[in-house]
Amino acid sequence: MSETFKALVVDKDDNGTQATVKDLTLADLPEGEVTVAVEYSCVNYKDGLCIGPGGGLVRNYPHVPGIDFAGTVEASSDDRYKPGDKVVLTGWRVGEAHWGGYSQKARVKADWLVPLPDGLTTRQAMAVGTAGFTSMLAVQALEDHGIKSGPVLVTGAAGGVGSVAVALLAAMGHEVAAVTGRPEQADYLTGLGATQIVAREDLAETVKRPLEGETWGGCVDAVGGAMLARVLGQMQYGASVSAVGLAGGAGLPATVIPFLLRGVNLLGIDSVMQPYDNRVRAWARLAELLPMDKLEAMVVPATLGDLPKLGADILKGQVRGRVVVDVNA
Ligand code: NDP
């Protein structure tokens with residue numbers, strides 16, 4: 001009999017979707033050049049959508065979610081990888097269109113992997129995960145366009161993208177203002193390096209005046225919606241906003257005035273289809289710049305069995321920092 005391993009399988013029937021930990025064999029896995037013994041995965045906002053009852057992003061059932069993972073190559077038909085190599089995967093619609101990381105084994109295309117960067121363990125790589133990788137892309141986009149004077153604003157700060165962005169920007173020497181709807185997370189955010197806490201309600205009102213005082217030297221925005229519209233009118237002249245997410249809504253009730261009269265740049269960040277060289281560069285900078293004690297402070301440990309609850313929690317904005325899933329626990 002073939003050896004079995006555990007995975008979280010989401011299936012769909014007339015009663016909706018159910019997520020259950022099941023035994024699978026290698027023959028169940030989708031095609032790909034590289035088979036990986038997964039060590040860690042994590043929980044991102046998209047994972048919540050894929051595990052949950054809506055299942056909106058999942059392209060095939062039964063499905064193994066998990067949009068990212070880190071582990072050790074077990075078998076490879078591609079020259080770039082050999083058994084024993086440590087690897088990381090983010091993006092490429094893994095966990096949506098192709099079975100993902102909530103499994104003790106995964107089989108994927110070699111093109112989707114990058115070698116684990118020097119200085120990071122597989123657990124640390126998943127403490128960073130897609131959320132942290134995206135924060136790095138967002139910060140790099142701000143750097144490419146020039147970070148102006150004044151604090152850099154991070155919205156959705158106690159969440160995954162936000163937590164890593166706060167720690168990264170602080171480690172790079174920037175003043176960081178962290179927006180949170182959870183005042184009880186103020187100590188956590190200052191511990192990560194935030195110098196100013198902004199209450200979510202202070203930015204919640206819809207735009208009344210298209211321009212307010214020039215306040216922020218840059219912004220990593222994980223929230224979108226009315227908050228992003230409001231922030232656009234508070235940017236320094238020529239400053240940039242990296243738009244990462246839509247935890248607060250997909251609409252954008254803004255005017256063109258901040259772009260016309262303040263030269264504000266709105267930069268869209270996509271982590272899914274990043275070319276190999278960009279992924280390697282972003283991971284190397286994360287390993288170099290992100291303080292590992294701050295990364296550890298963000299970690300919430302979890303197992304495969306915890307995922308249905310955690311998937312629901314992240315969609316309600318109730319998760320703090322980064323949930324790291326030990327798939328072998
Ligand atoms: P989290 O749920 O961990 O964080 C989101 C945070 O946003 C929450 O913790 C909360 O922070 C805040 N928030 C939640 N709901 C609202 C609301 N209604 N209004 C204002 N603030 C709110 O998710 P992630 O950090 O993993 O992801 C954040 C967003 O980024 C998601 O939309 C996700 O899909 C997107 N994303 C995009 C990527 C890309 O490639 N572009 C890659 C990764 C993520 P607080 O309690 O501090 O206010």
Side-chain angles (χ1 to χ4, degrees), residues 41-52 54 56-57 67-68 90-96 126-141 153-168 176-190 192 194 197-206 219-231 241-253 266-274 278-279 282 298-300 302 310-324:
S41 185
C42 59
V43 180
N44 300 276
Y45 193 87
K46 257 188 184 176
D47 294 313
L49 293 171
C50 292
I51 300 168
L57 300 171
I67 65 169
D68 45 19
T90 60
W92 305 102
R93 322 224 32 217
V94 169
E96 300 171 56
M126 282 301 104
V128 173
T130 297
F133 172 74
T134 308
S135 300
M136 186 76 247
L137 297 177
V139 169
Q140 284 179 176
L153 190 71
V154 176
T155 68
V161 169
S163 293
V164 179
V166 168
L168 257 182
V176 184
V179 185
T180 185
R182 293 180 274 178
E184 70 278 12
Q185 300 301 344
D187 286 349
Y188 164 73
L189 291 165
T190 48
L192 296 182
I197 305 296
V198 180
R200 186 191 294 178
E201 60 262 28
D202 289 351
L203 291 173
E205 279 176 37
T206 43
C219 173
V220 174
D221 173 56
V223 168
M227 188 182 289
L228 172 56
R230 185 83 191 276
V231 165
V241 178
S242 285
V244 171
L246 40 64
L252 185 57
L266 183 56
L267 313 171
I269 304 300
D270 170 42
S271 65
V272 176
M273 298 300 180
Q274 285 294 318
N278 291 2
R279 282 181 286 146
M298 296 173 207
V299 170
V300 178
L310 288 165
D313 287 350
I314 200 166
L315 296 184
K316 288 185 250 162
Q318 289 174 354
V319 167
R320 180 181 98 173
R322 301 281 304 129
V323 179
V324 177

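For ligands, and for the atoms within them, numbers begin at 1 and follow the listed sequence. Everything numeric here is computed off the predicted structure, so don't read it as measured data.
Nearest non-hydrogen protein atom to atom 7 (O) of ligand 1 is G156 CA, 3.4 Å. Shortest contact from atom 16 (C) of ligand 1 to any protein heavy atom: A247 O, 3.7 Å. With respect to atom 30 (O) of ligand 1, the closest heavy atom belonging to the protein is G245 CA, 3.4 Å. Given atom 9 (O) of ligand 1, the protein heavy atom at minimum distance is R182 NH2, 3.1 Å. At the shortest separation from atom 29 (C) of ligand 1 among protein heavy atoms lies A222 O, 3.5 Å. Of the protein's non-hydrogen atoms, the one nearest atom 4 (O) of ligand 1 is G159 CA, 3.3 Å.
For D68, the side chain to side chain donor-acceptor pair (under 3.5 Å) partners at least two apart in sequence or on another chain are N44, T130.
Side-chain atoms of V43 and V319, non-hydrogen and from C-beta on, never get closer than 4.5 Å to each other. For the pair L315 and Y45, the minimum side-chain heavy-atom distance is below 4.5 Å.
Polar contact with ligand 1: present for G160 (N/O pair, distance under 3.5 Å). Looking at G181 next to ligand 1, an N or O pair under 3.5 Å apart turns up.
The shell of residues lying under 4.0 angstrom from ligand 1, judged by heavy atoms, excludes K46.
The option with the heavy atom closest to atom 47 (O) of ligand 1, from among D221, T180, D68, V161, is T180. Which of R200, E201, M273, Q318 comes nearest to atom 19 (N) of ligand 1 through a heavy atom is settled by distance: it is R200. The residue from V43, V244, D313, V272 that puts a heavy atom closest to atom 37 (C) of ligand 1 is V244. Closest heavy-atom approach to atom 42 (C) of ligand 1 among the candidates V154, V319, T134: T134.
Between atom CG of residue L153 and atom CG of residue L203 there is a gap of 6.5 Å, rounded to the nearest 0.5 Å.
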Q.
Run V154 and L192 through side chain to side chain contact (heavy atoms under 4.5 Å, CB included) and show every step you take.
A. CA-CA 12 Å; V154 176; L192 296 182; over 6 Å; no

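A donor-acceptor contact shorter than 3.5 Å is absent between the side chain of R322 and the backbone of M298. Distance alone, capped at 3.5 Å, places no donor-acceptor pair between the D47 side chain and the G311 backbone.
Of all atoms in ligand 1, listed by their number and element, those nearer than 4.0 Å to a heavy atom of S271 are 39 (C), 40 (O), 42 (C). The D270 neighbourhood of ligand 1 comprises atoms 40 (O), with distances under 4.0 Å to a heavy atom of that residue. Heavy-atom contacts of L246 reach the following atoms of ligand 1: 32 (O) (cutoff under 4.0 Å). With ligand atoms numbered from 1 in the order given, ligand 1 contributes 47 (O) to contacts under 4.0 Å with heavy atoms of A158. Of all atoms in ligand 1, listed by their number and element, those nearer than 4.0 Å to a heavy atom of I269 are 39 (C), 40 (O), 41 (N). Counting atoms of ligand 1 from 1 in the listed order, those under 4.0 Å from a heavy atom of Y45 are 2 (O), 23 (O), 26 (O), 27 (O), 31 (C), 32 (O), 33 (C), 34 (O). Within ligand 1, the atoms closer than 4.0 Å to a non-hydrogen atom of G248 are 17 (C), 18 (N), 19 (N), numbered from 1 in the order shown.
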For residues 224-231, which side-chain N or O atoms pair as donor and acceptor with protein atoms under 3.5 Å away, sequence neighbours left out?
from	atom 1	to	atom 2	distance (Å)
R230	NE	E212	OE2	2.7
R230	NH1	D202	O	3.2
R230	NH2	E212	OE1	3.2

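Closest approach of Q185 and R320 over heavy atoms only: OE1-CD, 2.8 Å. For V223 against G156, the heavy-atom pair with the smallest separation is CG2-N, 3.5 Å. Nearest heavy-atom pair across V299 and A127 is CG2-CB, 3.7 Å.
Under the side-chain contact (heavy atoms from CB on, under 4.5 Å) rule, V220 has a single partner from V244, V176, L267, L168, which is V244.
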